[in-house]
Amino acid sequence: MDILTLVVYILLGIGLFFNLVGIIGLLRFPDVYTRLHAETKTTTFGAIFISLSIVVHSLHQYFHANDASGLSLSIHVVLAILVLAFTNATGSHAIAQAAYNRGQKPVRAVVDKLAEVEFLEKEAEE
Amino acid sequence: MILAWNISVFVLGLLIFGATLRLMMGPTAPDRVVALDAINTLVVAIMIVLGAVYKQTVFVDVAIVYALLSFVGTLFIARFLKRNYL
């Protein structure tokens, strides 16, 4: 087996494994914050690795097999990775903030540090 | 290589099924939004892999636009959740 094929398979396997772990965490964690924590990071990481395997393969096609479509495909995939990374991070932050503002507490939470900080800031303003 | 990508598309489809379970079960509205976000990311990954399988760049372009639109959708749903409409 070619070493490059092996690299592509390994990257694909890492991506699929992390996606699987993220969905298992989404199904089994107890509240919305831990689910968000499990899902967003691992799914983004897995999508990045699956895309990396495609970038490696299509760049190999472009440089060694004279396939002209490989370069454009890899550039578009890199753009998609960038878009996915930025939007997933921002979207998960928005979801967590909305869940907090709705008044949802984590399971087994004892203290609410953010409320204390906001209370102290309000007192400092007055 | 094509076979491995087809298998990974199948596995990602199964993972979308798992996220759909959370979308239906989810006790509160933010849980459902988290599941929807997971489904969007997995659909983008599937589109990228299919673009490599069929050697069509159009799939990846559609994936970029889908990611941006799902981001806007997530932001708007989060805004509605913050005001306690749902």
Side-chain angles (χ1 to χ4, degrees), chain A residues 5 8-9 12-13 15-16 19-20 22-24 26-27 31-33 35-36 38-40 42-44 46-51 53-55 57-58 61 67 69-70 72-77 79-84 86-88 90-104, chain B residues 1 4-5 7-8 11-12 14-19 21-22 25-31 33-42 44-49 51-53 55-61 63-68 70-84 86:
Chain A
T5 316
V8 170
Y9 279 151
L12 203 61
L16 283 180
N19 274 327
L20 181 68
I23 296 302
I24 289 174
L26 179 68
L27 284 176
D31 62 354
V32 62
Y33 302 105
R35 277 172 199 149
L36 194 64
E39 177 267 319
T40 312
T42 48
T43 315
T44 312
I48 284 173
F49 265 86
I50 288 177
S51 310
S53 80
I54 287 161
V55 167
H57 180 257
S58 55
Q61 289 285 317
D67 188 1
S69 71
S72 95
L73 185 69
S74 60
I75 289 174
H76 282 76
V77 168
L79 260 179
I81 291 174
L82 283 178
V83 166
L84 206 62
F86 280 103
T87 59
N88 262 339
T90 319
S92 68
H93 187 92
I95 295 171
Q97 202 178 21
Y100 179 78
N101 281 343
R102 271 182 123 230
Q104 287 206 356
Chain B
M1 196 64 76
W5 281 334
I7 289 173
S8 63
V11 173
L12 288 174
L14 285 183
L15 295 183
I16 284 184
F17 181 71
L21 277 181
R22 176 52 69 194
M25 291 193 305
T28 60
D31 287 316
V33 185
V34 173
L36 191 69
D37 205 37
I39 291 174
N40 285 331
T41 312
L42 290 176
V44 169
I46 283 183
M47 278 182 182
I48 290 173
V49 177
V53 169
K55 289 187 184 301
Q56 296 284 326
T57 316
V58 180
F59 281 83
V60 188
D61 295 341
I64 294 171
V65 176
Y66 186 86
L68 288 171
S70 76
F71 169 61
V72 175
T74 306
L75 281 190
F76 267 86
I77 294 174
R79 191 170 170 77
F80 275 117
L81 287 183
K82 197 183 289 183
R83 291 181 180 173
N84 235 337
L86 295 178

Among B/Ile46, B/Val11, B/Leu42, who wins on heavy-atom pairs under 4.5 Å with chain A?
B/Leu42
Heavy-atom distance under 4.5 Å to chain B: side chain of A/His57, backbone, both or neither?
side chain
Under a 4.5 Å cutoff for heavy-atom pairs, which residue among A/Ile81, A/Ile50, A/Asn88, A/Ile24 has the most contacts with chain B?
A/Asn88
Out of A/Gly15, A/Ser51, A/Ser92, A/Ala80, which one racks up the most heavy-atom pairs below 4.5 Å with chain B?
A/Ala80
Taking every heavy-atom pair that is under 4.5 Å apart, which of A/Val83, A/Leu27, A/Leu36 has the most such pairs with chain B?
A/Leu27
Step by step, work out the side-chain contact (heavy atoms from CB on, under 4.5 Å) result for B/Asp31 and A/Asp31.
CA-CA 8 Å; B/Asp31 287 316; A/Asp31 62 354; over 6 Å; no
Between A/Thr87 and B/Phe71, the two heavy atoms sitting closest are O-CD1, 3.4 Å
Looking only at B/Ala45, B/Ala35, B/Gly18, most heavy-atom pairs under 4.5 Å shared with chain A are made by B/Gly18
How close do B/Thr57 and A/Ser72 get, counting heavy atoms only, and between which atoms?
OG1-OG, 3.3 Å
B/Met1 and A/Thr5: CA distance, side-chain angles, deciding distance, side-chain contact (heavy atoms from CB on, under 4.5 Å) verdict
CA-CA 8 Å; B/Met1 196 64 76; A/Thr5 316; 3.5 Å; yes
Chain A shares the most heavy-atom pairs under 4.5 Å, among B/Ser70, B/Gly73, B/Pro27, B/Ala4, with B/Ala4
Residue A/Tyr100 versus chain B: region with a heavy atom under 4.5 Å:
neither
What part of A/Ser74 lies closer than 4.5 angstrom to a heavy atom of chain B: side chain, backbone, both or neither?
neither
Can you tell me which portion of A/Leu20 sits under 4.5 Å from chain B's heavy atoms? Options are side chain, backbone, both or neither.
both
Heaviest contributor of heavy-atom pairs below 4.5 Å to chain A, chosen from B/Thr28, B/Leu14, B/Leu21, is B/Thr28
Ignoring hydrogens and geometry beyond distance, is a side-chain donor-acceptor pair present between B/Thr41 and A/Thr43 at under 3.5 Å?
no
Based on non-hydrogen pairs under 4.5 Å, which of A/Gly91, A/Ser69, A/Ala47 is most in contact with chain B?
A/Gly91
Is chain A contacted by the side chain of B/Val44, its backbone, both, or neither, given a heavy-atom distance below 4.5 Å?
side chain
Between B/Ala52 and chain A, with a heavy-atom cut-off of 4.5 Å, which part of the residue counts as in contact: side chain, backbone, both or neither?
both
Might you work through the side-chain contact (heavy atoms from CB on, under 4.5 Å) test for B/Arg22 and A/Glu39, ending with a clear yes or no?
CA-CA 12 Å; B/Arg22 176 52 69 194; A/Glu39 177 267 319; over 6 Å; no
Region of B/Thr74 that comes under 4.5 Å of a non-hydrogen atom in chain A
side chain
Most heavy-atom pairs under 4.5 Å with chain A, out of B/Ile64, B/Leu75, B/Val34, B/Leu12, belong to B/Val34
